[in-house]
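Computed from a predicted structure; not experimentally measured. Convention: sequence-line order gives letters A, B, ...; per-chain numbering from 1.
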Protein chains: 2
Amino acid sequence: MVSAILRLMADTPGPAEPSLEEQIAAYQREFQGLDPQVERVVSALSRLNRRMNVAYGRQTAELGISNAEWEVLKALVLAGEPYRLGPGDLARRLGLTPAAMTHRIDRMVAEGLVTRERDESNRVRVIVGITEEGRAKWLEGLRMATVFEEELLQDLSGDERTQLGAMLTRLLRRVEEAQPDAGGRLTDLD
Amino acid sequence: MVSAILRLMADTPGPAEPSLEEQIAAYQREFQGLDPQVERVVSALSRLNRRMNVAYGRQTAELGISNAEWEVLKALVLAGEPYRLGPGDLARRLGLTPAAMTHRIDRMVAEGLVTRERDESNRVRVIVGITEEGRAKWLEGLRMATVFEEELLQDLSGDERTQLGAMLTRLLRRVEEAQPDAGGRLTDLD
DNA sequence: GCTTCGAAGTTTAGGTCTGAAGTCTTCAAG
DNA sequence: CTTGAAGACTTCAGACCTAAACTTCGAAGC
């Protein structure tokens with residue numbers, strides 16, 4: 001209860017986001033029967049993700065592109081040879097609507113990151129390919145990301161990293177079973 | 001009449017999102033020198049978060065509100081007595097701009113989830129409070145979330161949950177040090 | 001060959017967010 | 001007083017997304 005007194009006395013400081021532990025304490029106060037163990041895992045996951053996306057956003061901004069655009073480049077590269085996909089396929093991989101994909105491709109073509117052409121053998125289809133510049137920006141973004149990610153995990157030993165990866169994979173498998181439909185209408189990096 | 005046969009033939013193996021392991025393999029192929037251990041942790045984190053947000057979104061949709069609105073209710077409840085905050089404070093806690101907060105509060109007032117009044121002692125300030133209905137929806141949303149979260153973690157033993165929480169907390173601390181400024185311009189739950 | 005259906009993209013209308021430019025209130029100094 | 005500066009919120013313009021209507025092409029049935 002010291003904090004209450006201190007807070008009364010130091011009333012002016014800018015009210016920031018509560019810390020993870022403060023938030024868990026508040027949850028306990030407002031809702032008995034909440035497992036703090038579970039809450040810590042879930043809230044930490046969410047906060048971590050927010051911070052990671054902020055970091056990625058700053059990095060891609062240095063390249064003059066957005067996270068969203070980097071995601072498109074990544075999907076094209078990871079698709080492998082010949083590094084071309086249709087808008088519909090891209091939309092499914094990124095978890096957004098075909099309409100959004102159309103707009104995004106518009107912008108990226110204008111910026112010289114990708115190309116758009118009609119499929120000659122089936123003129124309804126469109127093919128999106130990556131340009132040299134797009135590929136270069138993808139690579140540079142990836143380089144920056146790996147530096148950040150290594151820094152993020154630097155406190156964890158090799159064994160711990162393995163354990164963490166295994167546990168997260170288990171959780172992921174469980175939600176994927178519960179959500180067989182391609183869930184993912186949210187902008188996010190991975 | 002023919003629909004049964006048509007459905008059997010209509011295989012439509014629509015190209016979906018690559019699995020986590022496929023993605024890691026593709027990364028290795030396109031960029032030597034990437035640590036698969038690190039990549040697995042980071043990608044699993046991101047995918048998990050996406051799935052969790054989809055799940056939360058479905059739950060809040062059942063209540064007739066959005067994730068974003070539920071977040072506001074949560075911030076008000078977790079603030080504690082008297083469950084009132086200014087728009088600026090709310091915006092800082094949720095990680096969005098004051099402009100967005102104004103709009104969000106507009107909608108929520110119209111829906112009867114929160115109240116908005118001017119502070120009599122300082123007429124520049126505005127005070128947002130939670131209504132009975134808002135509080136009820138927060139509680140119901142939390143109940144649904146805890147069921148989902150318990151299900152998500154059901155494969156992990158108590159020890160594993162503790163370990164996982166501890167490791168994630170360590171990662172979080174590290175990014176928070178690297179990003180001392182309140183990072184968080186992204187919609188997300190926690 | 002024509003017609004109809006379905007698939008792939010695009011267009012349009014509307015919602016929510018950001019960043020920048022107001023508006024209004026308070027406070028301190030002249 | 002009154003004037004200027006700072007703070008809190010709102011308004012405005014622009015970006016990007018979703019849902020739904022539309023356009024076009026290709027394929028199957030008659």
>> Can you tell me which nucleotide in D/dT24, D/dA19, C/dT18 comes closest to the side chain of A/Ala99?
In response: D/dA19

> On DNA chain D, nearest-nucleotide positions of A/Arg123 versus A/Glu69: which is more 5'?
Replying inline: A/Glu69

> Within this structure, what is the CZ-to-P distance between B/Arg104 and C/dT18, rounded to whole angstrom?
Replying inline: 8 Å

>> Side chain of B/Val126 only, heavy atoms from C-beta on: which candidate in C/dC17, D/dC9, C/dT11 is closest?
In response: D/dC9

>> Nearest whole Å is fine: how far is C/dT10 P from A/Asp119 CG?
In response: 13 Å

>> Using whole Å, what does the distance between atom P of nucleotide C/dT16 and atom CG of B/Asn67 come to?
In response: 13 Å

> Rounded to whole angstrom units, what separation is found between the CG atom of B/Asp89 and the P atom of D/dC9?
Replying inline: 9 Å

>> Side chain of A/Asn122, heavy atoms from C-beta onward: which of C/dC17, D/dC25, C/dT26 has the nearest atom to it?
In response: D/dC25

> B/Pro87 near the nucleic acid: base, sugar-phosphate alone, or nothing, with a heavy-atom cut-off under 4.0 Å?
Replying inline: sugar-phosphate

> Atom CE of B/Met108 to atom P of C/dT16: distance rounded to whole Å?
Replying inline: 12 Å

> Could you state the CD1-P distance from A/Ile105 to D/dC17, rounded to the nearest angstrom?
Replying inline: 11 Å

>> Between A/Tyr27 and A/Gln32, do the side chains contain a donor N or O and an acceptor N or O under 3.5 Å apart?
In response: no

> What's the verdict on salt bridge (Lys or Arg N to Asp or Glu O under 4.0 Å) for B/Arg50 and B/Glu17, showing C-alpha distance, side-chain angles and the deciding distance?
Replying inline: CA-CA 13 Å; B/Arg50 243 180 23 204; B/Glu17 182 188 38; 2.3 Å; yes

> If we ignore angles and hydrogens, is there a donor and acceptor under 3.5 Å between the side chains of A/Ser121 and A/Asp119?
Replying inline: yes

>> Assuming nearest nucleotide by heavy-atom distance, tell me which of A/Ala100 and A/Arg118 is located more 5' along DNA chain D.
In response: A/Ala100

> Nearest-Å distance, CG (A/Asp106) to C1' (D/dC17)?
Replying inline: 14 Å

>> Side chain of A/Arg107 only, heavy atoms from C-beta on: which candidate in C/dG9, C/dC17, D/dC16 is closest?
In response: D/dC16

> Can you check the B/Leu94 CG to C/dT18 P distance for me, whole Å?
Replying inline: 11 Å

>> Using 0.5 Å steps for rounding, measure from the CZ atom of B/Arg47 to the CG atom of A/Leu168.
In response: 13.0 Å

>> On the nucleotide D/dA8, are OP1 or OP2 found under 4.0 Å from the side-chain N or O atoms that B/Arg116 carries?
In response: no

> Between A/Glu71 and A/Arg104, does a salt bridge (Lys or Arg N to Asp or Glu O under 4.0 Å) hold up when you go through it step by step?
Replying inline: CA-CA 11 Å; A/Glu71 282 288 296; A/Arg104 210 182 266 191; over 6 Å; no

> If you check every side-chain atom of A/Val124, which of C/dT26, D/dG26, C/dC17 has the closest atom?
Replying inline: D/dG26

>> Tell me whether the side-chain N/O atoms of A/Arg125 come closer than 4.0 Å to OP1 or OP2 in C/dG9.
In response: no

